[in-house]
Every structure is written in C-alpha cells, then in structure tokens.
Amino acid sequence: MIYNKDDYLNRFDLARARIHDIATDTGNRDSIIPEYYNFFKRAAALLDYLVRLYDTDFDAVSLESLKKINAKLYYELLPEHYEESFANPDYCCRVMPDKETAQTLCGLYAEIRSSIPYVFEKNILGLTALMEVFIEIYCDMEHDLLVKDNTDEISFKDEYTYISGNQNGNSGGSGSKESGRLFFIKDALYYYVSDYSDVLLADRIRSQMTPNEHYSEDTSHMDDVINVLSDESEFIKKIVCDSDLTDLSFLYMYGDHIGPNEVKTAEYLNSLSASQICSMAETFVNGFRKGYELYNIDLKKKKTVNIRYNIGFERLVREEIKLFNAMGLEVTIYRAYTNLINKNRGISIGYKSTSPNPQYDYDHREDDALFLDKAYLYRRLDVIKNTYDKYENEAHAFAGPAVMEIFGEKPFSPVMKDTAVSYTREQRYEITHYRSLLSELTEKYIKSSEVSFTIIAYPVPEIGNDYQNIFRDTIALNTLPDDKYRDIQQALIDELDKGTAAHVTGRNGNKTDIWVSLNTPEDPEHETAFENCLADVNIPLGEVFTSPVLKGTTGLLNVSDIYLNGLQFLDLNIWLKDGLVTDYSCSNFADAPEDNGHNNAKVGRDYISRNILFNHDTLPLGEFAIGTNTTAYVMARKYGIESMMPILIEEKTGPHFALGDTCYSHEEDLVTYNPDGKKMTAKENDFSKKRSTDPAKAYFNCHTDITIPYSELGSIIVKHADGSETSIIEDGLFVLPGTEALNDPLKESD
C-alpha cells in the first residue's frame, strides 16, 4: 500500500462528503432495509460529527466548549443511556431482524467510536480507512443485490471465496439472503483490519520504542506515512510537557472520556507542593532504577522507557519525564487504543481514562471474533516481526515499562450477554496459540532478562469522600522503610527454606485448605527458595515469594470477594491437584435469572475461564507468596475499600497464589540474590523447564494473583522433612519469632 498525502486528502474529502450525504439525506430510506435504516443513519451522524470536529483547532476552544464536546461524544455510553445505544449488543439484537448481522453492525459501531482519538490526533489515515469501510458496508446494504434476487437460497461457492475460510460458520457457501448480507459485512471488516495492520499495528509497536519520530530513514515511502499518521509522541508531549496544567483544558485534548476522576485528580495534584510531587516522582523512578540494580542489568545500554498512566496525573508524569531524562532515558508514551487492530482484549496498555461504562468495554472485549482466523493472526505476527526487524536496535535499547495504576473505581461484575460477540472454541485455541508465538517473538527482540519495570498505584476520587486522606496514606504506604521489612521478611524466609510444604487454611467462612509443595535449597548457606521483596520494581514493599513445586500442591483456594483485572469475583473457588487447576466456580451470577436455559454455574465458570484462565484449559500455580504489609491491609479496612484495592497492593495483604507463569518467566537463567547475599534458586517449574526444548509449552503468558486477606486467613504452617511443623500465622496473626511487629497495625486496627 502506498500512503501518499495528497491521495489521502482526496480520499478523506470524498469519504466525508459521502458520510455527510448518508447522515442528512432522507431520500435513501427506501434503498435500505427498514430494520437497518436507523443504524446507518445514526452511525453516519456520529462519523459526520467526528469529521467536522477534525477541522477544529482545539487550542482555540474554551474550556466550557471542550467539556460540551466531550460530553456529547460519550453521552450514549453512560449507563443511563446505554440501553438504547447501537453500541449495546442487546439493543442491536432487539431492533434488528438477524442476531449475527446485529452483532456485526454493533461491532462496527464500536469501531467507529474507537476512532474518536483520531480526531484529536489529526490521524487522517485512521479516519479515512474507517469512513471507507463504513461506506463499503453501507453500499452493500443500500444496493442489497441479494434481496433483489428471487431465490431464497444463494450460492457463493463459485463466485466468492471468504478469506476466513468460514471458521465461524456465518459466511460463504449456500445460505439465506441474511447470511449473504452478513458475508459482505464481515468480509469488509476482515480486509479493513488486515490491510491496515501493516501501518496502524506497526505504528503501535514502533511507538513503544522510538520517541519523537515515526519511521527510520531507510524506507522509501515512509515519509508519506508520516504525513497521514499523527505523531503520537509529539501529540502527548504537547499535552504533558507544554500545557498550562492549571488550566484543565488540557484534559480534553486527548479525546478520551473525561469524568470526575480525571478532573478531580488533576485538581488535587495541582494543590500539592512541588516538593511533594518531586518526592512521588522520585519514588517511582528510583523503583525503576533499583530493578536494574537488583537484577544486575546494565542500564547504560538502554535509551527509552515507556510511561503508562491515567489521564489526570500529568503534573506527576511531567516530573517523572525529567527524572528519567536525567538517568539518560527518553520517554515514550502512547494511548491504550480500543480499535480492532490495537485493542488488547480487556487489558489496557498505555495512557487512558476511566471508562464511562465498564459494561460497554466488557460487551466488546472479543469483537475481533467477528472475523478472527489463523490467517489473520499470522498476518499480525508478520507485521510485528517486520516492525521489530526494522527497529531491532531500538528494541534492544528499550528499558521497559514504568506503570502508574489507579484504584478506587466501583467494583464491576458484568452482565453476561448472549448478544455480545465471543470467541468460538476454535478461535480461543488460535488466540492462545497466537499469544504463545507472540511471546516468543517479542522475547527475541526485547529480552525479559535484559529489561526491568516499575509499577505503583494511586487512588482516584471515585473511591469516596476520604479520597485525599487515602491518597496521602497511599504515598506513606509507598515509602515504608526497607530496613524494617528486610529483617522481618528474612525471618520468614529462613523458616520457609527449611520446609518441604506449606499448609494454608482459611477462617471466618473462608474455605481455603491447600498444601503447597516447596523447593528446598541444596546449599542453604548460600541459596534460598524465597525472594525478599522490598520497594524496588513492585511498589509498595511487603512479600516473600517463590515458584512452588507443582507435584503435591493440592487443595482448594477460596476468596469471598476479590477484584482481578478490573473485574469483581464473588466467592471465588479454585481447585488444584499437583499444581494444576482442575475446577473453578464463583457466585457472581447465582441470583441472576436463568436465560435461554443457561445454567448460572456454567456462566460463572465461563467468566473465570475467560478472565482468569484466559481460555487455557488449565493453568499451573506459578507463585506462592506471603504478604507482610499489614499497614496496607489496615489502611484498606480503615476506609472500607478492601474490594477496591489493586492487586499490586492487595497481594501484600495476605498469602497469595498466582495462576499462570512464574514471577521469573523468561528470566529463569538470570542470577539474582537476596539482600543477605543468598542466590535465588526456585525460579522454574515443570513447564518453564521446557523453555529450551519446547518453548510453546513452557509459558502461558498470564499471571493472576489471588490473595486471601488476613481477615479470612486461618493459618500458615510449614512442614519439614522429618514431619515436624512450625506455625507462621495462626488466626490471622504472625506467630513466628522475629515477625511479631507485623501484628502491631492489625492490633491497633482491632
């Protein structure tokens, strides 16, 4: 594909004129099937509004007008309006005659909504591509050649070949007029995402590693690409580094939904002193630096670091950029896109805002199931490989991500909709295989053993009236003294290193009863099986962790209420045998009316399969840890925000068990030492041992921590080879000598 600027300007003008005609012309009502007419009119009206906004100089727009524009763009997604939005699959299926066509058009509508950022970034290529695919689909429906055919059945075998190979059973071959119509719509979407992956997906990979430029100079036609794509680094730099952050207009320059969280966060950060902001930034950046020291990696070989944050934190990000620059690192920042080409299936990677409606996000998490097949996934891998090849030096110089998470949003348990698109069993297999291949590919260019990261979390105003107090307490939590916890955690490790297994049980209604098999150091004078985790990459401090032995790790893990990957799980049960998940359940949907004969227990299992097991048939227990940050636990109870705590902090507030890869995924051969000088040896399990012989079976490319809070924790007992036992925790309190100080916050709270 050739990306000539003048060509795209002409195409953009032609497309916007056609969109305007569709949005305003009532004379085409008779040429569109009545049940679909309102969809195309409303979708065209949205696109028409977007392309008119494209011409706007937002710098010249008043704050009040910017607020009105933002409110208009996201109005229909708000829960009170979502029920009658074409972004809602329930609504589409209710007003359209065919479920699969309705689902596909609903996916198209969500894709149109995902183009809102293109308007603010002045991304003419992205907007033009989307307008053209919409017009193509509209014309198929407008001409409706299939409806004009007198037969009820139509054969496509001779004249058309559907590139997806009819994997979903929805297109191609013989079928009704409706299936033929669906064929054309999905065909258009397929080629849209496939054709533009070589630019939009490639640009996303590139933007991770190369600040302030789009493409290297060794390509012949990429100068034209620079002109039709926005320069995201410069776009963000203008907002974060050059804006007057006391004028909240900057919030609305992104194009993302701006709600109370973003506005009040920016206002609160503006109220803090320069020294407070600097101290917060130093904690964050120093955590990143400590990661390189901890793993003995040479930071001087690195050139870029990627910052990820929530909109509203710009004053803090600005200071962090200065500190990273002082370390010799340039900063890359990119958006957490939601379009079909760049979305990350439920996990937001990049800068973002809080969602206007989590149910909308959940409804569209698997929209690519509309067209996804093996050919498309391999097409993506080719694009990614070619991009990494082009930027191989930049990839090797990438230092890793620096992530600021947020917490305090109301716990969300989605409505499971039959109308929402979801992967078939075959697609789930292909996605899982694709992720494995992608992990291998990425590891080739950005080696886990040669990069580090840091991650920290702050509350957002949605957390409640105590927001400012919680924010101040979180800052204190993030700066707890290493020395105190180093010694306490070493006492825990010294005892755990003597054991062959740990027995964890629950209380106060918690049904946990699980044995975890432990590695025993061969040379206990110089080796350890548990890492002493202080405030380095993973802030705040407060845990000791290991990769457990799978054989013998058996039992039930139960938590009453937990928030994982942005979703709430109630009465979560995970059964394991020899370190592998054998069964699971939750009660999220126990009180929901059974619909269409679906069993609510099966709905809960599917919810866990998609969002904890990530479509794997099973997962191993990749980590066993004991959290020691009782201060964090007490803070959560003090404000009644236990269910809102991010896993980053929650994992420090009790024992936790991670399903998936170990903490040392792709880093097993990297030599690391605890503060006492002992070498960490428990870095692999039966799966990761295959990394050299069968890499595709070595990793699962997920890692989800599940924490039992102290209030639900009965005991942790270490069993020794001779059959003797030592208690670490009894009735939720630390009883091992040398750890008693951890009980002080708990007792004060009681």
Side-chain angles (χ1 to χ4, degrees), residues 5 8-25 39-78 81 85-87 108-135 138 196 200 203 227-232 234-236 238-239 242-243 247-259 262-263 311 334-342 351-353 355-357 360:
K5 180 180 180 182
Y8 259 88
L9 287 173
N10 290 333
R11 288 170 59 179
F12 178 76
D13 288 338
L14 289 171
R16 73 188 300 180
R18 183 71 175 108
I19 293 292
H20 182 71
D21 287 343
I22 297 171
T24 58
D25 181 17
F39 169 83
F40 283 101
K41 290 291 288 186
R42 198 184 299 180
L46 174 58
L47 273 171
D48 187 48
Y49 180 60
L50 293 180
V51 294
R52 284 187 282 119
L53 279 180
Y54 180 85
D55 295 327
T56 303
D57 178 6
F58 293 106
D59 290 332
V61 179
S62 69
L63 176 58
E64 287 306 310
S65 294
L66 289 170
K67 289 180 180 179
K68 291 178 181 178
I69 291 171
N70 194 266
K72 183 173 182 177
L73 288 171
Y74 293 96
Y75 173 87
E76 68 176 322
L77 295 190
L78 298 177
H81 307 300
S85 167
F86 281 112
L108 173 63
Y109 195 80
E111 184 69 1
I112 293 171
R113 293 203 55 83
S114 75
S115 71
I116 292 173
Y118 293 154
V119 172
F120 292 80
E121 296 170 357
K122 307 304 182 186
N123 188 333
I124 192 172
L125 184 148
L127 267 180
T128 302
L130 187 59
M131 285 193 292
E132 288 178 340
V133 73
F134 175 80
I135 293 168
Y138 175 82
Y196 285 97
L200 298 179
D203 192 57
N227 293 323
V228 294
L229 281 169
S230 60
D231 189 330
E232 193 169 6
E234 288 302 317
F235 172 76
I236 297 304
K238 179 180 177 182
I239 294 175
D242 299 338
S243 296
D247 176 3
L248 298 189
S249 297
F250 77 89
L251 293 172
Y252 300 90
M253 298 298 180
Y254 290 98
D256 287 81
H257 168 256
I258 301 300
E262 289 69 35
V263 173
I311 295 172
Y334 53 79
R335 187 188 301 273
Y337 274 109
T338 60
N339 58 36
L340 288 169
I341 294 174
N342 286 318
Y351 74 82
K352 60 186 181 299
S353 67
S355 174
N357 187 351
Y360 165 74

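Note that the structure is a prediction, hence the values are computed from the model and not measured. Counting from 1, the numbers follow the sequence of the chain as shown.
- The two atoms that bring N123 and Y54 nearest to each other are N-CE1, 4.1 Å, heavy atoms only.
- Evaluation of the ring-ring contact (aromatic ring centres under 6.0 Å, His included) rule for H20 yields no partner, not counting sequence neighbours.
- For the atom pair CG of L127 and CG of L50, the computed distance is 7.0 Å after rounding to the nearest 0.5 Å.
- Under the 30°/60° scheme for interplanar angles, the aromatic rings of H257 and Y74 are found to stand perpendicular.
- Side-chain contact between F58 and L66 is present, with heavy atoms from C-beta onward closer than 4.5 Å.
- At a threshold of 4.5 Å between non-hydrogen side-chain atoms, the residues M131 and R16 count as touching.
- Counting only heavy atoms from C-beta outward, the side chains of L46 and R42 never approach each other to under 4.5 Å.
- Ring pair F235/F120: centre-to-centre distance not below 6.0 Å.
- Shown here for N339 and N342, the closest heavy-atom pair between the two residues is OD1-N, 2.8 Å.
- Residues A15 and I135 come closest through the heavy atom pair O-CD1, 3.7 Å.
- Under the 3.5 Å distance criterion, the side-chain polar atoms of E262 are matched with a main-chain donor or acceptor of G259.
- Of all the heavy atoms in L251 and I258, the pair that sits closest is O-CD1, 3.3 Å.
- Nearest heavy atom pair, residue L125 against residue L200, reads CD2-CD2, 3.9 Å.
- Both cation-pi conditions hold for R335 and Y337: the charged atom is under 6.0 angstrom from the six-membered ring centre and inside a 45 degree cone around its axis.
- Rounding to the nearest 0.5 angstrom, the gap separating the CD1 atom in I116 from the OH atom in Y49 is 9.5 Å.
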Exercise for the section: Please test E76 against Y109 for side-chain hydrogen bond (donor to acceptor under 3.5 Å, both in side chains), starting from the C-alpha separation and ending with a verdict. Expected result: CA-CA 12 Å; E76 68 176 322; Y109 195 80; 2.7 Å; yes

Exercise for the section: Determine, stepwise, if the pair K352 / I311 fulfils side-chain contact (heavy atoms from CB on, under 4.5 Å). Expected result: CA-CA 6 Å; K352 60 186 181 299; I311 295 172; over 6 Å; no

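- Taking OG of S85 as the start and NE2 of H81 as the end, the distance is 10.5 Å to the nearest 0.5 Å.
- Under the rule for a ring-ring contact (aromatic ring centres under 6.0 Å, His included), the partners of F40 that lie at least two apart in sequence or sit in another chain are F134, Y138.
- Using modelled atom types, no side-chain atom of K68 and backbone atom of L63 make a donor-acceptor pair closer than 3.5 Å.
- Under the 3.5 Å distance criterion, the side-chain polar atoms of K41 are matched with a main-chain donor or acceptor of A23.
- Shortest non-hydrogen contact noted between L78 and N357 is C-ND2, 4.2 Å.
- Evaluation of the ring-ring contact (aromatic ring centres under 6.0 Å, His included) rule for F250 yields no partner, not counting sequence neighbours.
- The existence of a salt bridge linking D57 and K122 is excluded, since no basic side-chain nitrogen approaches an acidic carboxylate oxygen closer than 4.0 Å.
- Ring geometry for Y254 versus Y351: interplanar angle of 30 to 60°, hence tilted.
- Considering CG of L47 and CD1 of I19, their distance stands at 5.0 Å, rounded to 0.5 Å.
- The aromatic rings of F86 and F39 stand perpendicular to each other, their planes meeting at an angle above 60°, with 30° marking the opposite boundary.
- Atoms CD1 and OG1, from I69 and T56 in turn, are 6.0 Å apart once rounded to the nearest 0.5 Å.
- Here the side chains of I124 and Y118 are not in contact, with every heavy-atom distance at 4.5 Å or above.
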